[in-house]
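One structure is given below, encoded as structure tokens.
So that the names make sense, note that chain A is the first sequence line, chain B the second, and so on, each numbered from 1.
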Number of protein chains: 2
Amino acid sequence: MARRRRGGGKPTIADVARRAGVGAITVSRALREPDRVSEDLRNQIATAIEELGYVPDRNARALASARDDIVAVLVPSLTNNVFAEVVRGLYDGLGDSHLQLHLGNTHYSGIEEERLLRVFLSQRPSALVVSGIDQTPAARAMLQKAGCPVVQIMETGSNPVDMMIGFSHFEGGRTVTRHLVEMGYRRIGFIGARMDPRSQRRMAGYRAVVEEAGLYDPRLVTTTPTPSSVSLGRELLRHALAKSPDLDAVFCNNDDLALGALFECNRSALAVPGRIGIAGFNDLDMMEVAFPSLTSVRTHRYEIGRRAVAMVRAALSGTRQPEHVVDVGFELKIRESTSRK
Amino acid sequence: MARRRRGGGKPTIADVARRAGVGAITVSRALREPDRVSEDLRNQIATAIEELGYVPDRNARALASARDDIVAVLVPSLTNNVFAEVVRGLYDGLGDSHLQLHLGNTHYSGIEEERLLRVFLSQRPSALVVSGIDQTPAARAMLQKAGCPVVQIMETGSNPVDMMIGFSHFEGGRTVTRHLVEMGYRRIGFIGARMDPRSQRRMAGYRAVVEEAGLYDPRLVTTTPTPSSVSLGRELLRHALAKSPDLDAVFCNNDDLALGALFECNRSALAVPGRIGIAGFNDLDMMEVAFPSLTSVRTHRYEIGRRAVAMVRAALSGTRQPEHVVDVGFELKIRESTSRK
DNA sequence: TTCAAGGATGGTAGCGCTACCATCGTCGAA
DNA sequence: TTCGACGATGGTAGCGCTACCATCCTTGAA
């Protein structure tokens with residue numbers, strides 16, 4: 001694939017040097033540190049590059065300089081809006097640096113994460129960004145030996161491989177649930193899909209509050225390993241109501257489920273928030289617009305992405321800040337869907 | 001960044017060879033063509049690799065073999081669910097090949113696309129996947145000279161750089177609009193955000209039908225260059241109704257807008273589809289679940305991603321199929337939101 | 001005028017890997 | 001028994017670039 005005949009093919013730096021009548025190293029410098037080359041030569045070189053259509057070879061550069069400008073990123077999903085925004089933040093955080101993002105999709109699988117880590121490590125990246133704190137032991141070992149800055153994102157924990165930026169999902173779950181309790185709901189259900197470690201911790205937060213309030217009932221919990229979607233939200237709410245017809249509120253593990261739950265209520269003429277209260281998690285754009293508007297927990301995923309890259313850049317430039325674990329928090333957005341008169 | 005001392009640092013293939021008591025080339029072969037190495041040596045080598053924690057260096061490999069297993073992909077957005085699914089398809093299409101995806105985000109900018117193309121080309125990728133057919137002349141020239149398979153995705157057109165897979169947005173726009181006309185709507189509006197080339201063509205399809213039916217009125221068209229969102233859908237519908245209170249249907253350029261429009265109608269107690277009909281584009285999961293369910297045009301974006309990679313693989317393995325332009329079509333999904341009694 | 005200091009430029013020697021071409025058995029046919 | 005064929009293994013020479021050090025020239029102080 002993309003095979004070139006040995007010796008043949010694209011112009012190299014030597015071709016440019018010859019044409020510009022300078023040494024190869026000067027061309028190399030003109031490209032990387034223009035200040036150190038006189039303007040005359042710089043122009044000649046630029047002309048030669050233009051005429052030849054020269055494109056430097058990153059592989060050769062990386063090999064020779066034993067450095068690479070790649071930041072390898074592992075996320076569990078690209079279709080999940082939450083991670084899509086994290087990635088957007090990562091890109092924006094790059095700014096004018098020469099860093100490049102290399103994305104890997106683990107599909108919520110530890111094994112796959114391990115495999116991708118191996119693949120990416122063979123690129124000798126400048127830095128590694130991984131999602132969550134539940135790496136397999138092997139993956140964690142690889143991260144520790146990577147010899148480059150590592151950032152774990154989306155969660156906080158007490159045992160970072162290197163750096164960490166995120167928030168506490170457990171606290172997030174507690175906060176929403178506490179709100180529902182305070183609003184007077186008594187038969188508060190939980191519906192969750194996929195149930196990755198972060199979902200689990202949100203559910204644990206739910207359970208902690210509900211138990212403390214003496215309202216816990218396992219029949220109020222409905223989960224499935226199936227990936228989350230709006231249609232699944234509808235189904236899960238239906239199941240939940242079938243199991244516990246007296247359900248009077250649901251904490252939906254994410255906003256897609258919440259939207260699906262809302263639609264189900266609309267369709268079944270169950271008044272929201274009168275008959276049933278609904279809360280989601282992440283606070284996607286649509287939550288505020290929905291009718292009724294939906295209570296959710298605003299997570300700062302874009303900011304997490306941006307700041308993760310900032311941390312990487314700081315670490316690479318030697319000015320690594322002291323704090324290795326950053327908690328960006330979250331924000332409960334109370335809206336119509338849980339405001340019982 | 002990620003600098004290693006010359007000579008120092010990670011174990012190399014020579015270290016593995018020494019430890020296993022074999023030649024370097026044999027280690028190389030054991031890794032790439034295990035069949036050609038005896039089982040004894042293969043085991044010794046595997047042990048040595050394990051003990052040393054050896055990870056091959058992709059850069060060196062790419063340089064030495066003048067080949068690289070990277071497929072560079074340029075998409076305009078990663079947060080747009082449509083492209084997120086294309087990317088998912090691309091990943092799934094990879095299967096067991098050794099290809100790796102390298103994602104770039106053009107932010108709907110031709111200039112940025114050009115810049116990224118330059119960056120990616122310096123990696124000498126095995127193949128290139130770009131979105132749409134509206135590359136700048138410079139970008140198109142680079143694609144033509146890339147010397148590797150190129151796939152343009154998401155649209156079809158008559159002048160492919162190399163290969164192409166997608167569908168006609170113009171026809172998509174025509175189809176929805178024709179449906180609205182057939183359902184008896186007479187004051188059919190169009191609302192659109194971002195208005196990238198594909199949106200423009202969908203709008204052109206709308207206009208063609210509406211003009212043919214003698215229903216065209218510029219006041220029925222509401223667009224903005226702002227990126228699309230659910231909340232924007234709500235606003236745009238409000239604007240549209242302010243301009244043309246007799247609006248009786250809207251073709252929303254995408255599903256997010258359609259959902260926002262629906263919520264606005266709910267909130268303003270405008271019956272859907274009785275007072276106003278709503279149609280979207282792309283058919284995201286939520287369209288079917290919404291109440292009322294929303295008419296949309298199902299686009300096969302996941303399939304486009306998968307097949308784009310399949311085309312790349314076929315081209316790379318020499319079995320390039322004859323058809324260079326593939327139209328995967330689309331499917332009108334008629335639902336409650338446009339079914340006037 | 002001399003000479004150290006510093007900027008601009010170039011030559012050489014790899015970076016870690018694989019293509020290419022030996023070399024060295026081993027085995028079966030003659 | 002001999003010899004060619006073939007499979008397994010290894011040595012050498014780069015791939016295109018940059019680190020490192022040498023060289024040359026300019027500049028300004030003594």
Distance in angstrom units between [X] [atom1] and [N] [atom2], rounded:
X	N	atom1	atom2	answer
A:D40	D:dC25	CG	P	17 Å
A:L41	D:dC25	CG	C1'	14 Å
B:L63	D:dT18	CG	C1'	12 Å
B:I49	C:dC17	CD1	C1'	14 Å
A:R61	D:dC15	CZ	C1'	16 Å
A:R124	C:dG16	CZ	P	8 Å
B:H98	C:dT18	NE2	P	13 Å
B:D57	C:dT18	CG	C1'	13 Å

Take atom CD in A:E50; do more than 12 heavy atoms of anything else shown fall under 6.0 Å from it?
-> no
Any idea how A:Y108 and A:F83 line up, ring-wise: parallel (<30°), tilted (30 to 60°), or perpendicular (>60°)?
->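 Taking A:F83 first and then A:Y108, their aromatic rings stand perpendicular (interplane angle over 60°).
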Which nucleotide in the list [options] gets nearest to the side chain of [X]?
X	options	result
B:I13	C:dC17, D:dA19, D:dG10	C:dC17
B:Y54	C:dT18, C:dC17, D:dC17	C:dC17
A:V22	C:dG10, C:dA19, C:dT9	C:dG10
B:I25	D:dT9, C:dA19, D:dC17	C:dA19

Confirm from the modelled atom types if A:R29 and C:dG10 form a donor-acceptor pair under 3.5 Å, side chain to base only.
->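 Indeed, a donor on one side and an acceptor on the other fall under 3.5 Å apart.
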Return no unless some side-chain N or O of [X] is found under 4.0 Å from OP1 or OP2 of [N].
X	N	value
B:R32	C:dA19	yes
B:S38	D:dG7	no
A:S28	D:dT18	yes
B:R36	D:dA8	no
B:T26	D:dA8	no

Going through the checks in order, is the side-chain hydrogen bond (donor to acceptor under 3.5 Å, both in side chains) test met by B:Q135 and B:Q152?
-> CA-CA 10 Å; B:Q135 284 75 31; B:Q152 291 166 291; 3.1 Å; yes
Residues A:R307, A:D327: salt bridge by 4.0 Å N-O rule | no
Taking NZ, NE, NH1 and NH2 as the nitrogens, is one of them in A:R194 or A:D196 under 4.0 Å from a carboxylate oxygen of the other?
->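 A salt bridge is absent here (no side-chain N lies under 4.0 Å from a carboxylate O).
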